[in-house]
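Note that ligands are numbered from 1 as they come in the structure, with each ligand's atoms numbered from 1 the same way. Bear in mind that the values here come from a model prediction, so they are computed numbers and not experimental data.
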Amino acid sequence: MHCTINGNRTEMVIDPRTSLLDFLRDHLGLTGTKKGCNQGACGACTVLVDGERINACLAFAVQYQGRSITTVEGLSRGGALHPLQQAFIKHDGFQCGYCTPGQLCSAIAMANEIERGIPSFVTKNLSTETALLDHDELRERMSGNLCRCGAYNGIVEAISETFAKEPA
Ligand code: FES
Ligand code: FES
């Protein structure tokens with residue numbers, strides 16, 4: 001079995017009960033993806049699978065045969081940080097940094113969901129094909145990523161500056 005991780009074809013020779021999170025961290029040494037609750041409640045383990053965000057602690061690695069997975073280690077391009085990573089630094093969007101990889105991956109996928117017009121629980125107008133990343137939308141759509149340090153103001157400012165058409 002194989003998958004692609006951060007652009008590299010990767011063989012999966014593992015116990016089929018191995019979570020995607022443990023495969024990334026313990027088998028591949030990609031420790032940027034964090035283990036917080038290990039039960040789907042905190043978002044620290046968020047990674048991208050073909051551009052969609054998932055909680056890696058709730059997924060078996062073998063489910064992702066042939067899929068393309070991106071972790072925080074794969075967000076930079078040519079040695080340059082992703083614009084959202086730069087914005088997190090600019091706006092102090094972290095303290096301990098433990099939730100940050102998940103926040104980054106989640107926000108990148110969330111912005112893509114907005115672009116595609118996918119509604120959230122708080123989207124008021126379901127008849128439009130585009131959603132606006134306003135104050136309520138941003139908080140609702142990022143509510144699955146907890147920050148125990150309470151760095152939410154900086155996180156919101158960084159995501160808003162990078163992806164919102166208007167300040168959120
Ligand atoms: S470690 Fe996966 S959601 Fe908390
Ligand atoms: S920066 Fe510490 S948990 Fe978010």
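Salt-bridge formation is not detected for the pair Lys124/Glu140: no Lys NZ or Arg NE/NH1/NH2 atom is positioned less than 4.0 Å from an Asp or Glu carboxylate oxygen. No salt bridge links Lys90 with Glu157; every basic N to acidic carboxylate O contact stays at or beyond 4.0 Å.
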Pair Phe163-Leu138, side chain to side chain contact (heavy atoms under 4.5 Å, CB included): steps then yes or no: CA-CA 10 Å; Phe163 296 120; Leu138 196 158; over 6 Å; no

Working for salt bridge (Lys or Arg N to Asp or Glu O under 4.0 Å), residues Arg25 and Glu73: CA-CA 12 Å; Arg25 289 180 55 84; Glu73 290 92 344; over 6 Å; no

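Both Ile14 and Ile54 are members of a single hydrophobic cluster when ILVMFWY side chains are connected at heavy-atom separations under 4.5 Å. The cluster map of Ile, Leu, Val, Met, Phe, Trp and Tyr, joined by side-chain heavy atoms under 4.5 Å apart, puts Val49 and Ile118 in different clusters. Hydrophobic clustering places Phe88 together with Met110 (ILVMFWY residues linked when any side-chain heavy atoms are closer than 4.5 Å, directly or through intermediates). Tracing side-chain contacts under 4.5 Å through hydrophobic residues (I, L, V, M, F, W, Y), one reaches Met12 starting from Leu24; they form part of the same cluster.
Against a heavy-atom cut-off of under 4.0 Å, Asn38 is close to the following atoms of ligand 1: 1 (S), 4 (Fe). Shown in contact with Gly40 at under 4.0 Å from a heavy atom are these atoms of ligand 1, numbered in order with element: 3 (S). Within ligand 1, the atoms closer than 4.0 Å to a non-hydrogen atom of Cys45 are 1 (S), 2 (Fe), 3 (S), numbered from 1 in the order shown. Atoms of ligand 1 lying under 4.0 Å from any heavy atom of Ala41, numbered from 1 in the order shown and given with element: 3 (S). Near Cys37, the atoms of ligand 1 lying under 4.0 angstrom from a non-hydrogen atom of the residue are 1 (S), 3 (S), 4 (Fe).
When distances to atom 2 (Fe) of ligand 1 are checked against a cut-off of 2.8 Å, Cys42 contributes no N, O or S atom below that limit. Because the distance cut-off is set at 2.8 Å, Cys57 qualifies as a neighbour of atom 2 (Fe) of ligand 1 through one of its N, O or S atoms.
The distance from atom CG of Leu28 to atom CD of Glu11, rounded to the nearest 0.5 Å, is 11.0 Å.
Protein N, O or S atom count below 2.8 Å of atom 4 (Fe) of ligand 2: the structure gives 2.
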